[in-house]
Amino acid sequence: MLRLTVPRVGLALAGALLLAYAFVVAPGAWRATADAPAATASVPAGGVFPPAGRAFFGVMTDKGPYDLTDTDRFAAAARRAPQLMLFGASWASAAFDRSLFDRIAERGMMPMLGWEPWDHTVDEAARRTGLPARRVDRIRATQPDFRLDRIATGDFDGYLRSWADGVRSLGYPVAIRFAHEMNGDWYPWCERANGNRRGDYVRAWRHVHDVFTAAGATNVTWVWSPNARWDKTTAGLGGLYPGDDYVDWVGVTGYYGTGAFTKTYWSFDQIFGPTIAEIRGVTGKPLVVTETGASDVDARKARWIRETFDSLPRYRNLIGLVWFEVDKEQDWRIADSPAAADAFAESVATDRYDLTWSPAMTPRTGPDG
């Protein structure tokens, strides 16, 4: 997850104005341009998100809600507005900031916070050394201050409550993807790193969830999101799922054009299928591809995008996909590739993605009826 470094903006609207926007102004409106028309779906202010038979697509950019320029470029390339934005926050430095959530919501996108219990500057410093990738992984994953047992035993409760109170005050739904890719070994919250022990992840997750529940922050959609498995660095999911009482959406992260998926062509089904099958062995909760992208190192980016969107409806209760619109390690963006942009735009032009989000909507947590 990328650090957001642009200076924070002021609070965009007071709470009353936000509510007025949500219930009076057409929800989900996007600043339309000739290249990026606003979504035209007629969806009531209330209802379930996404509605039955529909799926959303979302975006993560380098600067997220701090600067929406890249989001506008992505919407122009997709020729349809995204309905969700994922952005990250590191526990070592990020205090709750309502303006970030409001900026996203005002643009017709459900906010999804990638909440990361670590010091992201350790990762940044390790990357600057030029060491091999696996050495960097070990360095950034070794952060004893953020061991899972410290979270589970309450050492961070003051911090957790400050966020819970802030999220509750929003008054509209937000998703929190807490401590993602826990089945790897490259983050301090992975059980196979940082001195963590088996069972620590579930205990930490449940504790964080319980603190939010006790604070009345019931407007959170909790997103549990492992990484797609491809080699020995990604473990199985046994013992890592917190349970249906503690999870609302399940997610999965994976990319074409990185790691093992560079030597030959790997389809979405090949990259994600085995892990989705494993997830479905433990829960039937709504599924979101919480982070994905394709590089164009072999000139197959557009093909991969088309085949991916063709595959998505075949997966039971798959309700959304978040595109990683960032140039990091590889250039995953569609906005800088006319062929990829066309493939993406044609894929989301179907009725399946013809929807909008508003703060009055309730996130889907059950089967797609």
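All heavy atoms count here, side chains included; hydrogens, waters and symmetry mates do not.
Aromatic rings from Trp224 and Trp249 are positioned such that their centres are separated by 6.0 Å or more. Ring centers of Tyr172 and Phe101: at least 6.0 Å apart, outside the cut-off. Taking the ring centroids of Trp323 and Phe57, they lie at or beyond the 6.0 Å cut-off. Aromatic ring centroids of Phe212 and Trp115 lie under 6.0 Å apart. Under the 6.0 Å cut-off for aromatic ring centres, Tyr256 and Tyr265 qualify, their centroids lying closer than that. For Tyr241 and Tyr246, the ring centers sit 6.0 Å or farther from each other.
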Practice item. Could you check Glu307 against Phe268 for side-chain contact (heavy atoms from CB on, under 4.5 Å), going step by step and ending with a plain yes or no? Key: CA-CA 7 Å; Glu307 291 183 353; Phe268 178 90; over 6 Å; no
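Within a 6.0 Å sphere centred on CZ of Arg197, heavy atoms belonging to other residues, nucleotides or ligands number 12 at most.
Checked for salt-bridge contact, Arg127 and Asp137 miss the test: no charged N lies under 4.0 Å from a carboxylate O. A salt bridge does not link Asp248 with Arg364: every distance from a Lys NZ or Arg NE/NH1/NH2 to an Asp or Glu carboxylate oxygen is 4.0 Å or more. Contact check on Arg177 versus Glu291 returns a salt bridge, with a Lys/Arg side-chain nitrogen under 4.0 Å from an Asp/Glu carboxylate oxygen. Contact check on Arg333 versus Asp331 returns a salt bridge, with a Lys/Arg side-chain nitrogen under 4.0 Å from an Asp/Glu carboxylate oxygen.
A 4.5 Å side-chain heavy-atom check between Leu237 and Ile279 finds at least one atom pair inside the cut-off. Contact annotation: the side chain of Thr356 never approaches that of Gln83 to less than 4.5 Å [non-hydrogen atoms, C-beta and beyond]. The shortest side-chain heavy-atom distance between Trp304 and Asp296 does not fall under the 4.5 Å cut-off. Using a 4.5 Å heavy-atom cutoff, the side chains of Met60 and Glu325 are not in contact.
Judged as a side-chain contact (heavy atoms from CB on, under 4.5 Å), and not counting sequence neighbours, the contacts of Pro117 are Trp91, Ile151, Phe178, Ala179, Trp189. Checked against side-chain contact (heavy atoms from CB on, under 4.5 Å), Ala125 has the following partners two or more places apart in sequence or in another chain: Arg128.
Side chains of Asp244 and Thr283: a donor on one and an acceptor on the other come within 3.5 Å. Gln330 and Trp332 are not linked by any side-chain donor-acceptor pair at a separation below 3.5 angstrom, with hydrogens and angles left out of the test. Side chain to side chain, Trp205 and Tyr201 fail the donor-acceptor criterion of an N or O pair below 3.5 Å. Using modelled atom types, one finds no donor on one side chain facing an acceptor on the other under 3.5 Å when comparing Asp245 with His209. Using a 3.5 Å distance cut-off with no hydrogens or angles, the side chains of Asp269 and Ser267 do not pair a donor with an acceptor. In summary, the side chains of Ser225 and His180 do not present any donor paired with an acceptor at a separation below 3.5 Å, with no hydrogens or angles considered.
With Tyr353 as the aromatic partner, Arg80 does not meet the cation-pi criteria of under 6.0 angstrom to the ring centre and within 45 degrees of the ring axis.
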